[in-house]
Amino acid sequence: MSAATENIDYKVLYEQLLPLLKSQQESNLQLQNQVTQLQYQLHQLTKLLGGFKSERFIPSGAQVQQELGLNFETAFATTNLSDVQKISYVKARQAPRENGLQNPFPEHLRVEEQIIEPDEDVSHCEKDGEDIKEQLGWKPGEIFIKRTVRPCYKCPIPGQPGQHRIVAARQPAQALPKSIATPELLAQIIIDKFIDHKPLNRQLDSFKRSNISIAYSTITDWVRQVANVVTPLGHLQLHEMYQQQYWHGDETGIAVLDSQVKKDTHQGYYWTYLTGDGRLIYFDYHRGRDKPAAENILQHFKGHLQVDGYEVYDKLNIKGMIIFFCMSHARRKFYDSKENDKARAEHVLTEIAKLYKVEEECKEQRLDEEQIKIRRAEKSLPILKSLGEWMKQEYVKLRPKSPIAQAMAYSIKRWEGLSLYATTGHLHIDNNPIERCMKNLAVGRKNYLFCGSHEAAKRAGLLYSLLVSCKLNNVNPYEWLKDMLSHNINELTTSKLKSLLPHRWEKQESNTTA
């Protein structure tokens, strides 16, 4: 051993190198976390580029499949392939109707009949039946002039010789009596945009094909006037919603033109609320996605509010409101983390599938609220308790920034709210009912791209509230809106207005008076 080596103090050297080693280990850990996050982001982007994000998951293992009613392996094992090859398929012939047709059409459709006689002379022949062919016909929407004529009569006044009074019929009631557009045309323009997602500029192109030139400012003004005139109905619908003590809540963005935003649009938000029975919905527009926007409607709500995990809801402190969470959102995070930790992610997905199996059984057996509460207590609550404890045990073993750890952290933090539904018989396991309602707005904004102003976005939200509620109650939104515009709404009593709300409205054969 050399003299230089003998002079080295290894203890001092170790103390000098130890901080460098720890620093290197921390750096390596950060790099590993960063690689994991980038891999996760790449996976998500690949899914987006590939098209629709399917979240279908079939648990592996025969025992799990049997518990969930998915006996794929048993079904394939009991299938005799030699028998399958012997199967022959014969196209069944439908029994003809009395008129000789095989495809019955709806009875309410108008029949336009065309009789075609032979070219040769058949006057001396005896008729021997008919060959009938029925097809579905169509005519383009017709725009025309509706002229209302009210004859005026000069009638003598009894007891006043030489004096007369003018007698004429009352004008038919209309919400916009001074407009040159009839209730039918106004209703069709609104439905084309907000239900069938046809922007106003495309509607104007359709009018031009009929040699009708309408200014863009005119048609936008019609939309504004219609929204203003049905505003009392929107407010009354929200008041009706407050009578229910279970809501779904969600929010979605909308691009809005704003003169203060340079070279871009402002990102506004619709805060949307759906009643637990799935019959009434309200779209509340705000410029932001902050706490005051949420409190605008929710400050007057009492009951259970089911939402996703957006942090603003956690900041709300509204007396009488109980917030709980959506199992579908929690499930989605575990589905997205399968590439990171397949074993743990699939375990959670399998347990959640069992929870949904319980809900499916309740629906199939048409259980009432008390029976659902009992069934959930027997089957769902034990699963939720076991899964919650398992996630807490596994979370401490994971790198905090890994996708599977973040999925667990999301659920662990909200597990009490995610499990709350199972203690009742009327709350839903997830927020899917309101997410389905958002489709109408999502498809529409892809077509018309943005709202022209913040006020226009508010009006659009009110129209969506009423028209989507029509769809939820199986009411034809065109017929409903046409009827609304055939009333002088400002002169109607509150009780009459309530009867016109989508969930109470009944179509009348004719409605010409206020």
Side-chain angles (χ1 to χ4, degrees), residues 55 68 238 240-251 271-282 294 297-314 316-334 348-349 351-388 391 410-438 468-469 472-473 503:
E55 295 179 1
L68 300 179
L238 179 60
E240 290 275 302
M241 292 174 63
Y242 280 128
Q243 310 307 311
Q244 298 200 30
Q245 297 182 342
Y246 173 29
W247 283 9
H248 298 274
D250 201 2
E251 62 285 336
W271 291 76
T272 310
Y273 308 99
L274 173 72
T275 53
D277 60 5
R279 300 187 67 188
L280 295 176
I281 192 168
Y282 196 84
I297 295 293
L298 294 178
Q299 63 181 319
H300 305 295
F301 172 69
K302 308 294 181 184
H304 288 88
L305 176 69
Q306 188 169 23
V307 297
D308 57 22
Y310 183 43
E311 57 186 11
V312 164
Y313 293 110
D314 297 332
L316 298 178
N317 185 21
I318 299 174
K319 186 177 180 181
M321 185 175 72
I322 303 171
I323 293 179
F324 70 112
F325 302 104
C326 167
M327 186 64 70
S328 180
H329 280 78
R331 178 191 181 278
R332 186 173 299 133
K333 294 185 180 297
F334 286 102
V348 177
L349 292 173
E351 295 303 296
I352 292 178
K354 294 178 182 178
L355 297 174
Y356 275 92
K357 181 63 178 178
V358 175
E359 300 305 303
E360 183 181 349
E361 291 174 354
C362 293
K363 185 176 181 180
E364 289 177 350
Q365 298 173 20
R366 299 183 178 180
L367 304 183
D368 59 31
E369 286 188 11
E370 187 60 31
Q371 291 172 325
I372 292 174
K373 183 177 180 180
I374 295 173
R375 179 70 59 88
R376 286 173 172 175
E378 292 175 351
K379 293 189 175 183
S380 299
L381 285 178
I383 296 172
L384 289 163
K385 181 180 179 181
S386 174
L387 181 57
M391 283 194 291
Y410 175 92
S411 294
I412 291 171
K413 180 181 178 182
R414 300 169 176 83
W415 199 245
E416 183 178 352
L418 287 167
S419 305
L420 178 63
Y421 84 94
T423 63
T424 73
H426 69 289
L427 301 180
H428 295 175
I429 187 174
D430 55 37
N431 232 11
N432 289 351
I434 193 171
E435 291 199 358
R436 287 191 291 267
C437 294
M438 307 298 268
V468 175
S469 293
L472 293 174
N473 289 276
H503 64 305

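- The environment of Asp368 atom CG is dense: over 12 non-hydrogen atoms of other residues, nucleotides or ligands sit within 6.0 angstrom.
- Applying the salt bridge (charged side-chain N to carboxylate O under 4.0 Å, His left out) definition to pairs two or more places apart or across chains, those involving residues 371-383 are Glu359-Arg376, Glu361-Arg375, Glu361-Lys379.
- Partner of Tyr282 under the side-chain contact (heavy atoms from CB on, under 4.5 Å) criterion, chosen from Thr272, Ile297, Thr275: Ile297.
- In this structure, Lys302 places its NZ atom where more than 12 heavy-atom neighbours from other residues, nucleotides or ligands lie under 6.0 Å away.
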TODO: Evaluate side chain to side chain contact (heavy atoms under 4.5 Å, CB included) for Tyr421 paired with Leu355, printing each intermediate quantity in order.
DONE: CA-CA 11 Å; Tyr421 84 94; Leu355 297 174; 3.9 Å; yes
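- Aromatic ring pairs are classed by plane angle as parallel below 30°, tilted from 30° to 60° and perpendicular above 60°; the pair His428 and Tyr246 is perpendicular.
- Glu351 and Lys354 are joined by a salt bridge, as a carboxylate oxygen and a charged side-chain nitrogen come within less than 4.0 angstrom of each other.
- Listed here is the closest heavy atom pair of Leu381 and Ala422: CD2-CB, 3.6 Å.
- Here the side chains of Phe325 and Val307 are in contact, with some heavy-atom distance below 4.5 Å.
- Between atom NZ of residue Lys363 and atom CD1 of residue Ile372 there is a gap of 11.0 Å, rounded to the nearest 0.5 Å.
- Applying the 6.0 Å contact sphere to CD of Glu416 captures no more than 12 heavy atoms from other residues, nucleotides or ligands.
- The two residues Leu280 and Leu472 have their closest heavy-atom pair at N-CD1, 4.4 Å.
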- [ ] Evaluate the criterion side chain to side chain contact (heavy atoms under 4.5 Å, CB included) for residue pair His329 and Glu435; output intermediate values, then yes/no.
- [x] CA-CA 11 Å; His329 280 78; Glu435 291 199 358; 2.8 Å; yes
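- Looking at His304 and Leu420, their side chains come closer than 4.5 Å, going by heavy atoms from C-beta outward.
- Atom CZ of Arg366 is separated from atom CD of Gln371 by 13.0 Å, given to the nearest 0.5 angstrom.
- The distance from atom CG of Leu418 to atom NZ of Lys413, rounded to the nearest 0.5 Å, is 12.0 Å.
- For the pair Ser328 and Tyr356, the tightest heavy-atom approach, listed with the atom from each and the gap, is N-OH, 3.6 Å.
- Screening residues 303-314 for salt bridge (charged side-chain N to carboxylate O under 4.0 Å, His left out) gives no qualifying pairs among residues at least two apart or on separate chains.
- Note on ring orientation: taking the six-membered ring where Trp is involved, the planes of Trp247 and Tyr273 are tilted (angle from 30° to 60°).
- Between the side chains of Gln245 and His426, no donor N or O sits under 3.5 Å from an acceptor N or O.
- Taking both residues in full, the closest heavy atoms of Asn473 and His503 are given as OD1-CB, 3.3 Å, listed atom of the first, atom of the second, then distance.
- Of the N and O atoms on the side chains of His248 and Asn431, at least one donor lies less than 3.5 Å from an acceptor on the other residue.
- Across all their heavy atoms, Asp250 and Ile434 have their closest contact at N-CD1, 3.8 Å.
- Atom-to-atom distance recorded for Arg331:CZ and Ser411:OG is 12.0 Å, nearest 0.5 angstrom.
- Summarising the geometry of Leu305 relative to Gly249, their closest heavy-atom pair is CD1-N, 4.0 Å, with the distance given to 0.1 Å.
- In this structure, His300 NE2 and Ile318 CD1 are separated by 9.5 Å, a value rounded to the nearest 0.5 Å.
- In this structure, OG in Ser380 is found 12.0 Å from CG in Leu387, a value given to the nearest 0.5 Å.
- Proximity of a side-chain donor or acceptor of Ser419 to a complementary backbone N or O of Trp415 within less than 3.5 Å is detected.
- With hydrogens and angles disregarded, a donor-acceptor distance shorter than 3.5 Å links the side chain of Arg414 to the backbone of Gly309.
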